[in-house]
Amino acid sequence: MTMRLMAAFAVLALSGGLALAGPGAPGHSHKTFGAGEPGDPKKPVAKTIEVSMHETDDAKMKFAPDRIEVKRGQQVRFVLKNQGKADHEFMLDTIEHNAKHKIAMEKNPDMEHDDPNGKRLAPEGSNEIVWRFTKAGTFEFACLIPGHYESGMHGVVVVK
């Protein structure tokens, strides 16, 4: 890499004009997804599901609801609300992919997500994901910030 190219790269990175992602597990390219595909916000949704994220008095971390059922082919709008005092995230994928991603997060705890299948939210923050479930099966949504999954912050989406 030439010095001029390296300097241009540095300027872009420092100016915020270039988003740099931390290294992830193989398949962390966000080109394909195990739990379906990003939805089209311009098309109607079959279901809107509000998912809250919070901590409990006994130091647990939870999603409410932690179990969701949808039909294959449905487009769903997840309205995400962090009602806790800590940052939380919602990552929708297969259980296996989330397990690999969790390991990557342990190595890179400052990795933040604003992906088609996942969002990181500050306390009192909110966001939305529109998702189309193209495959039947059981999928997982989880907070992969180190320690949160172990504290109970995961749930399932059953697609019939």
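Quick note: numbers below take in every heavy atom, side chains included, and nothing from hydrogens, waters or symmetry partners. These numbers come from a predicted model, not from an experiment. For the single chain, residues carry numbers from 1 onward in sequence order.
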If you compare all heavy atoms of [X] against all heavy atoms of [Y], which two are closest, and at what distance to 0.1 Å?
X: Glu69; Y: Lys160; value: OE1-NZ, 3.3 Å
X: Pro65; Y: Ile49; value: CG-CG2, 4.5 Å
X: Met53; Y: Leu121; value: CE-CD1, 3.7 Å
X: Thr94; Y: His97; value: OG1-N, 2.9 Å
X: Pro44; Y: Gln75; value: O-NE2, 3.3 Å
X: Phe139; Y: Asp93; value: CB-O, 3.6 Å

Inter-residue atom distance Asn117.CG - His101.NE2, 0.5 Å rounding: 8.5 Å
Euclidean distance, Phe141 CZ relative to Asn98 CG, rounded to 0.5 Å: 10.5 Å
Could you list the residues that satisfy salt bridge (Lys or Arg N to Asp or Glu O under 4.0 Å) with [X], not counting sequence neighbours?
X: Lys81; result: Glu50
X: Glu128; result: Arg77
X: Asp87; result: Arg120
X: Lys42; result: none

Is [X] reaching over with its side chain to a backbone N or O of [Y], donor-acceptor style, under 3.5 angstrom?
X: Lys47; Y: Lys71; value: no
X: Glu37; Y: Thr134; value: no
X: Asn82; Y: Ala122; value: yes
X: Trp131; Y: Ala35; value: yes

Is there a side-chain contact between [X] and [Y] (heavy atoms, below 4.5 Å)?
X: Ile68; Y: Val51; answer: yes
X: Met105; Y: Glu89; answer: yes
X: Phe63; Y: Ser52; answer: no

Side-chain donor-acceptor pairs under 3.5 Å in residues 143-154, sequence neighbours left out?
{"residue": "His148", "atom": "ND1", "partner": "His88", "partner atom": "ND1", "Å": "3.1"}
{"residue": "Tyr149", "atom": "OH", "partner": "Glu140", "partner atom": "OE2", "Å": "2.6"}
{"residue": "Glu150", "atom": "OE1", "partner": "Gly147", "partner atom": "N", "Å": "3.3"}
{"residue": "Glu150", "atom": "OE2", "partner": "Lys102", "partner atom": "NZ", "Å": "2.6"}
{"residue": "Ser151", "atom": "OG", "partner": "Gly147", "partner atom": "O", "Å": "2.9"}

Enclosure of Lys135 NZ (heavy-atom neighbours >12, cutoff 6.0 Å): yes
Listed partners of Lys119 passing side chain to side chain contact (heavy atoms under 4.5 Å, CB included), at least two apart: Leu80, Asp114, Asn127, Ile129
